[in-house]
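The figures here come from the full heavy-atom set of this structure, side chains too, leaving out hydrogens, waters and symmetry mates.
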Amino acid sequence: MAKDTFVGIDVGTTATKAVLIDQGGNRIAGYAHTHPTARPRPGYAEQAPDDWMTGVLGALETFARAYDLSGLQAIGITSQVNTHVFVDGASNPLLPAITWQDTRSGPDASALDRQVTTEQKIAWFGGPLPIDASHALSRIAHVRRVHPDLFVNTVHILLPKDYCVLQLTGVVASDPISAVGLVNKDGYVAELLALVPRADRLLPPLAGFTTVAGRVRAGLPCAGTPVIVGAMDAWAGMFGVGAAQDGDAMYQSGTSEIPGIVSSTVVPTPGVILFPPYEGIVMHAAPTQAGGAALSWFAQVLGETPAATAALAGEAKGSVPLFLPHLQGERAPLWDDASRGVFARLDPGSGGAEMARAVLEGVAYSARLAFDALRHSAATDPAIINIGGGGAASDIWCQIRADVLGTPLRRAVAPEAAAFGAAILAGRSQDQGTSIAEIVKRLVKYDRAFEPDPATRGYHEDRFGKYMDLYQALRGFNGSF
């Protein structure tokens with residue numbers, strides 16, 4: 001008899017990743033399929049939804065060919081959020097997906113943000129969450145203004161995971177946590193949605209993470225298997241690295257860095273995303289714009305792989321410049337679309353290794369700024385931070401982060417943190433009597449811890465201060481373009 005298994009799928013920014021696990025949390029197999037991001041104009045960052053489905057179906061087909069899946073209990077899907085697909089009545093995309101990196105909706109965002117007071121935001125969301133270029137309402141307002149012919153045919157506006165669930169099952173559904181900046185504890189904020197005509201009719205109905213949305217349609221791999229509504233990547237990854245109880249902290253490193261702290265205490269803090277409570281879990285998050293994206297960019301400049309570039313940073317012996325990783329603006333806690341990346345203080349001793357080291361440090365400083373805001377928001381200073389994701393594979397980068405943060409990092413074994421979390425939620429859909437926190441504690445394992453080196457404290461404190469000075473000094477310059 002086949003053992004019970006679960007599939008978790010993460011539709012990420014650069015790839016669709018999947019894991020097949022057993023009921024003990026043991027990783028049986030993994031899968032990855034890369035997909036491109038098109039940048040046809042400055043500020044644009046688009047993806048083809050069909051590419052996501054190629055990865056999703058490829059994962060299911062691969063697992064089904066190689067393993068006995070007669071015991072497959074459920075499929076969980078997570079994804080990038082603030083990436084939006086405008087879909088017609090036949091479930092077809094009307095234009096390429098507008099990803100979270102896309103800033104074309106900036107003017108619409110500013111116009112909407114001016115219509116909402118800080119007091120309203122705090123009343124709705126517990127903090128002054130900005131309406132930025134990645135906000136769903138900004139995207140709706142932009143498409144309505146620029147593509148009225150397409151907007152009139154729009155029936156649904158979906159996140160990647162919800163689009164994939166629709167293609168697998170024919171069911172439209174999402175969860176309240178993934179609807180960032182749209183939902184409070186009572187559901188969609190009607191007063192906010194009223195700012196953009198038809199917005200309230202285009203957003204999907206909401207259900208819990210582990211609610212079964214439907215079953216895989218006949219003719220597709222794993223037909224008949226329950227597919228759950230799923231969670232956004234930040235929450236799935238949070239569970240995937242073992243954070244689910246008050247005081248737990250996470251650090252997910254992928255295309256962007258996603259720091260977060262679980263705390264039922266809330267101190268309204270500018271720049272921090274505060275999610276509505278879910279089964280008693282309150283997450284404060286501060287996602288940056290570029291983590292692995294910055295390393296991948298510099299690796300491409302060098303003609304190397306990201307892993308080789310991270311390793312090269314360990315060879316730095318000369319002058320390490322200061323790097324601002326704002327290649328396409330910055331998100332939390334600055335929320336500055338205009339900021340751009342820069343290397344500062346280059347000299348003849350700054351070679352490839354030194355610049356690679358600067359990239360790793362610059363990303364770590366962006367995470368330090370985010371965690372400073374999170375500690376205030378959550379009124380908690382975590383004793384240890386659980387880290388996972390592709391960017392956590394580098395030992396040298398994990399050590400730099402621990403040194404910069406001044407806090408030990410504990411690395412999760414499963415490299416696909418968000419996909420692993422999606423598989424955990426798939427398992428929870430079949431065991432509703434056990435809390436998510438209990439299941440997470442039982443299933444997540446770690447491979448090693450990185451302790452801060454006290455000898456580096458002064459070095460990083462000084463450079464972090466200069467990092468902030470550099471950002472402030474360039475604001476006027478960047479804003480003039």
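Between the CZ atom of F151 and the CD1 atom of I157 there is a distance of 6.0 Å, given to the nearest 0.5 Å. We find the CZ-CE distance between F239 and M250 to be 9.5 Å, quoted to the nearest 0.5 Å. Note that OG of S138 is 6.5 Å distant from CG of D108, once rounded to the nearest 0.5 Å. Here the OG atom belonging to S366 is positioned 9.5 Å from the CZ atom belonging to F323, to the nearest 0.5 angstrom. The OG1 atom of T210 sits 6.0 Å away from atom CD1 of I436, with the distance rounded to the nearest 0.5 Å. Considering OG1 of T14 and NZ of K17, their distance stands at 6.0 Å, rounded to 0.5 Å.
Side chain of R331 to main chain of A290: no donor-acceptor pair is present (N/O by atom type, distance under 3.5 Å, no hydrogens or angles). Remark: side-chain polar atoms of N386 are paired, donor with acceptor, to backbone N or O of V241 under 3.5 angstrom. Judged by distance alone, with hydrogens and angles left aside, the side-chain atoms of T154 form no donor-acceptor pair with the main-chain N or O of H156 at under 3.5 Å. Distance alone, capped at 3.5 Å, is enough to place a donor-acceptor pair between the T83 side chain and the W100 backbone. When atom types are taken as modelled, the side chain of R139 and the backbone of A133 share a donor-acceptor pair closer than 3.5 angstrom. Judged by distance alone, the side chain of R201 and the main-chain N or O of V155 form no donor-acceptor pair under 3.5 Å. The closest donor-acceptor contact from the side chain of D51 to the backbone of Q47 lies at 3.5 Å or more, if one exists at all. Within the 3.5 Å criterion, the main-chain N or O of M232 finds a donor-acceptor partner in the side chain of T78. Proximity of a side-chain donor or acceptor of S178 to a complementary backbone N or O of S174 within less than 3.5 Å is not detected. Checked by atom type and distance alone, the side chain of S91 never pairs as donor or acceptor with a backbone atom of V87 at under 3.5 Å.
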Run D113 and K121 through salt bridge (charged side-chain N to carboxylate O under 4.0 Å, His left out) and show every step you take. CA-CA 10 Å; D113 200 55; K121 293 175 183 177; 2.6 Å; yes
Step by step, work out the side chain to side chain contact (heavy atoms under 4.5 Å, CB included) result for T5 and L69. CA-CA 7 Å; T5 54; L69 296 188; 4.3 Å; yes
Intermediate values then yes/no, side chain to side chain contact (heavy atoms under 4.5 Å, CB included), S256 and Q80: CA-CA 10 Å; S256 70; Q80 50 179 306; over 6 Å; no
Verdict with supporting geometry, L295 and V363, side chain to side chain contact (heavy atoms under 4.5 Å, CB included): CA-CA 9 Å; L295 178 61; V363 170; over 6 Å; no
Would L57 and L168 satisfy side chain to side chain contact (heavy atoms under 4.5 Å, CB included), going step by step from the backbone distance to the final call? CA-CA 9 Å; L57 296 175; L168 286 175; 3.9 Å; yes
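Between the side chains of R368 and Y365, no donor N or O sits under 3.5 Å from an acceptor N or O. Side chains of Q120 and E191: a donor on one and an acceptor on the other come within 3.5 Å. Side chains of E354 and S350: a donor-acceptor N/O pair is absent below 3.5 angstrom, by distance only. Remark: the S377 side chain and the H284 side chain contain an N/O donor-acceptor pair separated by less than 3.5 Å. With 3.5 Å as the limit, one finds a donor-acceptor pair spanning the side chains of D336 and Y471.
Cation-pi geometry between R401 and Y251 is met: under 6.0 angstrom from the ring centre, within 45 degrees of the axis. By the 6.0 Å and 45° rule, R340 does not stack over the aromatic ring of F477.
Listed here is the closest heavy atom pair of P270 and P128: CA-CG, 3.8 Å. In plain terms, the two heavy atoms of A417 and G389 that are nearest each other are CB-N, 3.9 Å. Minimum heavy-atom separation, T269 to A373: CG2-O, 3.8 Å. Closest non-hydrogen pair, A392 versus I387, comes out as CB-CG1, 3.8 Å. Nearest heavy-atom pair, P93 versus V85, reported as atom, atom and distance to 0.1 Å: CB-CG1, 4.0 Å. Closest approach of L312 to A353, counting heavy atoms only: O-CB, 3.4 Å.
Remark: T288 engages no residue in a side chain to side chain donor-acceptor pair (under 3.5 Å) (not counting sequence neighbours). Annotation: salt bridge (charged side-chain N to carboxylate O under 4.0 Å, His left out) contacts of D447 (sequence neighbours excluded): R411.
Separation of the H147 and F86 ring centroids does not fall under the 6.0 Å cut-off. Close placement of the F298 and F343 rings is indicated, their centers lying within 6.0 Å of each other.
Applying the 6.0 Å contact sphere to CZ of R345 captures no more than 12 heavy atoms from other residues, nucleotides or ligands. With a 6.0 Å radius and a threshold of 12 heavy atoms from other residues, nucleotides or ligands, Q300 has its CD atom at or below the threshold.
Counting only heavy atoms from C-beta outward, the side chains of V196 and L112 approach each other to under 4.5 Å. Taking the side chain as every heavy atom from C-beta outward, W397 and R357 never approach each other to under 4.5 Å. P333 places a side-chain heavy atom less than 4.5 Å from the side chain of L369. By the 4.5 Å heavy-atom criterion applied to side chains, V180 and F275 are counted as neighbours. Looking only at side-chain heavy atoms (C-beta outward), L137 and L193 come within less than 4.5 Å of each other. The shortest side-chain heavy-atom distance between T13 and T99 does not fall under the 4.5 Å cut-off. Residues T16 and H35 have side chains in contact (heavy-atom distance under 4.5 Å, counting atoms from C-beta outward). Proximity of I131 to V116: side-chain heavy atoms (C-beta onward) are separated by under 4.5 Å at one or more points.
Salt-bridge check for E46 with R39: failed, with every basic side-chain N at 4.0 Å or more from each acidic carboxylate O. Classification of K161 and D10 as a salt-bridged pair fails, no side-chain N sitting under 4.0 Å from a carboxylate O. A salt bridge is defined here as a Lys NZ or Arg NE, NH1 or NH2 lying under 4.0 Å from an Asp or Glu carboxylate O, and R463 with D469 fails to meet this definition.
Listed by first and then second residue, the side-chain hydrogen bond (donor to acceptor under 3.5 Å, both in side chains) pairs involving residues 226-244 amount to none (not counting sequence neighbours).
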